[in-house]
Amino acid sequence: MPTARPLRRTATVGSVIAAALAAGLLAVPQSASAAEIRIHDIQGSTRVSPLAGQQVTDVPGVVTAVRAFGSARGFWFQDPKADSDPATSEAIFVFTGKDTPALAVGDAVTVSGAVTEYYPGGESAGLQSVTQLSKASWTVHSSGNALPAAFALRPSTVPDRYAPSAGGGSIEGLRLKPNAYALDRYESLEGMRVSVKDAPVVAATNEHKELWITAETHRDRTARGGSLYSSYRAPGVGRVKVASLIPYTQRPFPVANVGDSLTGTTAGPLDYNNFGGYTLQATELGTLADRGLTRETTRKQKNDELAVATYNVENLSPRTPQAKFDRLAAALVHNLASPDIVALEEVQDDDGTTDKGVVDAGQTLKKLTDAIAAAGGPAYRWQQINPVNGQDGGQPGGNIRTAFLYNPARVSFTEIPGGDATTPVTVTREGGKAKLSASPGRIDPANEAWKNSRKPLVGEFSFRSHPVFVVANHFNSKGGDQGLDSRFQPPARTSEVQRIEQSKAVNTFVKQLLAADKRANVIVAGDLNDYQFSPAVKALTSGGALTDLVDRLPRKERYGYVYQGSSQVLDHILTSRHVRSVDYDIVHINAEFADQASDHDPQVLRWKP
C-alpha cells in the first residue's frame, strides 16, 4: 500500500484524520466527523498511531482493567462498538503515572488526553511502542456496564508465521496483517481484552510473579511441554507472558512449572513491555493444574566410561547462600551421578561482586567441593586460572571464569606449569602425540574476540592411560541483541559477531591439536550463549573438527534453557572425530522449574575410549 506522508505535529486533529484517511490508515465510518474520534482511530492500522502527538477529546469506551500499583499506573478502556477492520485495536491504555485512577471496571467513560507512543526501555532498545493516552482527564457516565467480549487466542487465531520482514528495518510503517503474522495479531489487539483457555505453561513462574503460556497446544512443543525454539524462522508463535492485576491477597499468583497449565479461562488486557513483550495482564486467572514435572536423573557411568559434564552455576561466590551450594552439590552427585570431569561456568572470585581487586576463586571452589563431599560425592579437586581484574565481563567485580572439577579417583590431571591470564597456550607434537605448553592454559587470551569476555580454559586429563583434552568455554552473552518481538525485523544479533570470532579461535586451537595428533581426544564444553543452528556454532564445527552432540538428540529434547517462553540450546558439548559412540544427556533440573539452583540445565557425556 502507499506510504502515508509524515503528519506534522502542529496539524489540527481534523487535518490529521483527513491525511490518515487518505492513506488508508484509519477506519473511521463515513458518517464520522473530525470531532468523533474513537479508539480504533487513535490506534490506526499500523504500530504507531496516526494521531501521535495530538490531543483527542471525549473518546468513548468502557474501563476493562485498572493498574493500581507501581510507577506506571493507569487504566485500559475499550470501545464496545468495534469497526470492521481487524488491524485496528479497539482499546488503549491511559497512563496516570504514580496516581491510581479512581475508576472501576465497567465504568463507561469519555477520555481526553495526548496521544503518545511509549517505547519500553527507551526508543534505542529496539522494542515496539505502546500507543497510550497521557495527561488525561475523563468523565464517568455510568457504572456496572458489561465488558466487551475477550478475543480468544487459540491455534486458529494465531498465525503460523511470527513476524513480517522489513529487511532488518522497522516494521512500524507496515499495515498490520493479523491473519498472516503472530506479531501483527498481537499488535492489532494492543490493550484489548484477550483470553486463553486451558493455557499450557511454557516458562515457569519467576521472581516477579510472571509466567509464560502458549496459545498453541501441539505445534513445536518439547517432550516435557515447553515451546521449542528450533530455528530463527520458527519461534513459538503462541507465546504470551501472563502477569496479574488481581491483588495477591485476593488471589495468590500460581507457582507453575513448564508442563503445568492454567485450566479454565485466563483473561485480561494485552499489554507490551520490555521484560517479555506481549503480556496478558490478567483480571481473571485460570486454576493451576500441576502436571507433576520431575527433575531428571542421568545414569551413572560404567567403570570403563569417562563422564564429562558442563554446568553454568550462575554467579557462584562465597557470598552465595549455602543452600545454593548444597543444591548444586546434590545435583552433581545425584542427578548427574558424579561426573569424572565438570566444566563449570560463572565461578566468581572470593569476594563476589565486591570490587577490591580480588581475583582468586579458591574459596568459592572449596565451598562447592566441600558441599559435594558432604552430599556423598567424590573428593573433587579443581583447576582454574585467575583472570585479570575486570577483564572477563559478567557482574562487575565478580571476575567470573570457567573452571574444572575432577575426581582424582577416576582421572588424573596432567599439570604443566606456565598457564596464566595472559599467556596463550600452544600445541606441540611429542612422540607422535599432541602436547600443551601449559595445563591448564588459556586459549589466545589477547585475541580481541575475548574482550570483556571469559577466555577458554584447556586442560589435559588422563583416563585409563588415554589422554583427553577438555576445553571449558563461556562465550559472550546476547546482551544488546534485538529481541524476537523487536520492531526491527528480522532482528539484529549484534553480539553474534563476537561469538563467531570466539568460535573461530577455539576451532583453530582444536585443529592445532588434531594436526599434532589426528586421533587426539578433544571435548569442548560450556555455555556458548548460542543456538545449535547459529552461525557461531557452525564456525566452531567448521571443517569437521568438532561435532555438536545436541544434534544427535531427538528434536523435542534439544534444549536446556528457557527464555521468554522459548526452550532453547545455549550450552553444548562437542567432540573431536576420535571421540565416538558417546552417550549424551541434557539433564533437566533447573530451566523448567520455578525453583531453580541455576537458570541452566547441566549436560553430561559418557564415553568409552
Side-chain angles (χ1 to χ4, degrees), residues 37-40 42-43 56 58-83 88-113 115 118 130-153 186 188-197 199 208-211 213 240-254 262-273 278-288:
I37 302 297
R38 304 191 79 92
I39 294 174
H40 48 249
I42 300 171
Q43 288 283 11
V56 291
D58 293 337
V59 180
V62 176
V63 176
T64 59
V66 177
R67 182 155 58 204
F69 54 86
S71 58
R73 304 184 188 194
F75 64 93
W76 288 267
F77 76 119
Q78 184 167 337
D79 192 339
K81 296 181 179 179
D83 67 0
T88 57
S89 171
E90 303 294 340
I92 195 167
F93 181 68
V94 180
F95 173 70
T96 61
K98 295 182 179 180
D99 298 324
T100 301
L103 289 167
V105 172
D107 285 350
V109 294
T110 51
V111 182
S112 301
V115 180
Y118 167 65
V130 179
T131 303
Q132 60 185 25
L133 297 180
S134 59
K135 299 180 180 178
S137 61
W138 54 86
T139 301
V140 178
H141 298 279
S142 64
S143 299
N145 294 281
L147 302 185
F151 182 95
L153 298 176
Y186 298 137
S188 75
L189 300 170
E190 181 184 82
M192 291 177 61
R193 296 188 71 237
V194 300
S195 66
V196 184
K197 187 175 181 181
H208 305 294
K209 293 184 170 60
E210 302 164 335
L211 56 81
I213 55 92
V240 174
K241 190 172 73 174
V242 174
S244 180
L245 295 173
I246 306 169
Y248 300 138
T249 54
Q250 295 179 17
R251 177 73 187 277
F253 194 79
L262 298 180
T263 60
T265 299
T266 299
L270 190 64
D271 194 15
Y272 182 85
N273 61 50
Y278 288 100
T279 302
L280 195 163
Q281 296 283 359
T283 55
E284 180 180 356
L285 267 173
T287 301
L288 178 65

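Note that this is a predicted model, so its numbers are computed, not measured.
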(message) Between Arg38 and Asp83, does any NZ, NE, NH1 or NH2 come within less than 4.0 Å of an OD or OE carboxylate oxygen?
(response) no

(message) Nearest 0.5 Å, please: how far is OG in Ser71 from CZ in Phe95?
(response) 7.0 Å

(request) Flag the pair Leu153 / Val240 as yes when at least one side-chain heavy-atom distance between them is below 4.5 Å, and no otherwise. (result) yes

(request) Using atom types as modelled and distance alone, determine if a side-chain donor or acceptor of Asp107 lies under 3.5 Å from a backbone N or O of Ser143. (result) no

(message) Applying side chain to side chain contact (heavy atoms under 4.5 Å, CB included), can you list everything that pairs with Pro254, at least two apart in sequence or on another chain?
(response) Leu211, Leu262, Leu285, Leu288

(request) Report the residue from Thr139, Val59, Val140 that forms a side chain to side chain contact (heavy atoms under 4.5 Å, CB included) with Thr110. (result) Thr139

(message) Let me confirm one number: the CD-CG distance from Glu90 to Leu189, rounded to the nearest 0.5 Å.
(response) 10.0 Å

(message) In this structure, is the centre-to-centre distance between the rings of Phe75 and Trp138 below 6.0 Å?
(response) yes

(request) Report yes if the side chains of Leu133 and Phe77 come closer than 4.5 Å at any heavy-atom pair, otherwise no. (result) yes

(request) Taking all non-hydrogen atoms of both residues into account, name the closest pair between Ala91 and Gly191 and its distance. (result) CB-O, 3.1 Å

(request) List the atom of Arg67, the atom of Gln281, and the distance in Å for their closest heavy-atom pair. (result) NH1-NE2, 3.5 Å

(request) Quick one: pull up CG in Leu270 and NZ in Lys241 and give me the separation to the nearest 0.5 Å. (result) 11.5 Å

(message) Quick check: closest heavy atoms across Tyr278 and Tyr272, and the distance to 0.1 Å?
(response) N-CD1, 3.6 Å

(message) Does any part of the side chain of Ile42, heavy atoms only, come nearer than 4.5 Å to the side chain of Val56, both counted from C-beta?
(response) yes

(message) For the backbone of Thr287 and the side chain of Thr263, can you confirm whether one donor and one acceptor N or O come within less than 3.5 Å of each other?
(response) yes

(message) Using only atom types and a distance under 3.5 Å, with no angle test, would you say the side chain of Thr131 pairs donor to acceptor with the backbone of Gln43?
(response) no

(request) Measure the CG-OG distance between Leu280 and Ser244 for me, rounded to the nearest 0.5 Å. (result) 10.0 Å

(message) Give me the atom names and distance for the closest heavy-atom approach of Pro60 to Ile39.
(response) O-CD1, 3.9 Å

(request) Please answer whether the main-chain N or O of Tyr118 pairs with a side-chain N or O of Gln132 as donor and acceptor at a distance below 3.5 Å. (result) no

(message) Please enumerate all residues that pass side chain to side chain contact (heavy atoms under 4.5 Å, CB included) together with Ala65, with sequence neighbours excluded.
(response) Trp76, Leu245, Pro269, Thr283

(request) Could you grab the distance from atom NZ of Lys81 to atom NE2 of His40, nearest 0.5 Å is fine? (result) 11.0 Å

(request) Please report the shortest heavy-atom distance between Pro101 and Val66, naming the atom on each side. (result) CG-CG1, 3.9 Å

(message) Less than 4.5 Å apart, side chain to side chain, heavy atoms only: is that true for Thr279 and Glu210?
(response) no

(request) Starting at CD1 of Ile37, measure out to CG of Asp58 and round the result to the nearest 0.5 Å. (result) 11.0 Å

(request) Work out which heavy atom in Thr64 is nearest to a heavy atom in Pro148; give both atom names and the distance. (result) CG2-CD, 4.2 Å

(message) Arg73 vs Thr96, test: side-chain hydrogen bond (donor to acceptor under 3.5 Å, both in side chains). Steps then yes/no.
(response) CA-CA 5 Å; Arg73 304 184 188 194; Thr96 61; over 6 Å; no

